[in-house]
Amino acid sequence: MLYRVMILFLLLILVSPLAAINNVYMDIVETGEDKGADTLFVGKDYEVRLYISNDVLLGEIRLAPFFRGGIVGKDGSKAGHFWEWVNVEGYGTIGCVRFIPGSRMYPPETVWDDELDIFEWNMDEDSPDTIGIRGVSSGGGLPPGPGDHMISIHFTPKMPSYGMVTMWADTATIPPTGALTFFDTFGTPIYPTFTTASPWPIMIVCGDANGDGSINVGDAVHLINYIFKGGDAPAPVLAGDASCDGSTNIGDAVYLINFIFKGGPAPCCPPV
């Protein structure tokens with residue numbers, strides 16, 4: 001009986017998710033929060049979280065998350081670039097990459113003590129959409145372990161002047177091997193699986209005329225400057241249509257002031 005129990009236990013280990021330990025998992029959270037986002041809002045700061053699992057000591061990693069945008073309802077379209085990397089004084093030329101304290105990859109200069117290469121790519125001939133992360137070790141390496149949150153890439157969504165967009169996540173190829181590649185300390189390639197919470201629709205914050213991700217008196221001022229002084233338009237213009245009447249005008253600034261200071265109805269925005 002005990003023998004059968006031991007066999008069953010071993011089989012459970014072999015078929016459990018933990019058995020397939022070489023994996024890169026990616027999700028997105030609003031910066032400062034821990035709950036995974038299912039919708040991204042224009043103007044808010046988000047971070048792409050990379051969780052890495054490996055079952056051997058790694059001497060090199062090659063990661064390249066690739067993001068692409070398209071208009072909802074136009075399957076497969078490449079409608080433009082709808083995010084900007086956020087400089088958090090991290091790594092790379094634009095400082096948008098952070099390594100997470102307490103993870104197995106921290107500090108990165110110790111783990112990847114020979115080379116740490118972070119670069120921005122343009123995969124769709126529109127604008128940069130990929131962050132490549134390559135680490136090579138001459139002594140430290142990445143110890144084996146479960147899926148720690150090791151890397152964050154910071155960005156903020158944007159919106160075109162029309163339509164609703166969706167952001168998908170995939171991986172780009174770092175030559176000469178595949179999209180995601182680990183190498184053990186002997187130089188043997190290991191191809192991890194890639195899983196993600198993608199895709200994410202990108203939406204406006206109704207009434208957020210200045211695109212900072214929140215509704216406040218600055219949005220009313222932005223509308224007044226736009227309407228009377230030729231200032232910048234809301235992006236998209238419908239983000240300023242707080243009253244949901246189909247146009248952006250001074251009535252929307254009044255609507256916002258009533259909402260902010262007098263407890264009036266919340267901005268509703270027309271569908272886009």
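All figures in this text were calculated on a predicted structure; none of them were measured in a lab.
- Remark: E115 pairs with R134 by the salt bridge (charged side-chain N to carboxylate O under 4.0 Å, His left out) rule, at least two apart or across chains.
- Checked by atom type and distance alone, the side chain of D114 never pairs as donor or acceptor with a backbone atom of V136 at under 3.5 Å.
- Annotation: ring-ring contact (aromatic ring centres under 6.0 Å, His included) contacts involving residues 92-117, sequence neighbours excluded, comprise Y91-F99.
- The other residues sharing a hydrophobic cluster with Y51 are Y25, where clustering joins ILVMFWY side chains under 4.5 Å apart.
- Contact check on R98 versus E89 returns no salt bridge, with no Lys/Arg side-chain nitrogen under 4.0 Å from an Asp/Glu carboxylate oxygen.
- Between the side chain of H222 and the backbone N or O of D232 there is at least one donor-acceptor pair closer than 3.5 Å.
- By the salt bridge (charged side-chain N to carboxylate O under 4.0 Å, His left out) test, D184 is found to be paired with no residue, residues two or more places apart in sequence or in another chain being considered.
- A single hydrophobic cluster is seen to contain both W200 and Y46, as judged by linkage of ILVMFWY side chains at heavy-atom distances under 4.5 Å, directly or through other members.
- With sequence neighbours excluded, the residues that form a salt bridge (charged side-chain N to carboxylate O under 4.0 Å, His left out) with R49 are D27, D34.
- To the nearest 0.5 Å, atom CG of residue N54 and atom CG of residue D148 are 9.0 Å apart.
- Under the 4.5 Å side-chain heavy-atom criterion for grouping Ile, Leu, Val, Met, Phe, Trp and Tyr, I215 is connected to M203 within one hydrophobic cluster.
- The side chain to side chain contact (heavy atoms under 4.5 Å, CB included) search around P199 returns T166, W168, not counting sequence neighbours.
- Between Y226 and P234 there is a side-chain heavy-atom pair separated by less than 4.5 Å.
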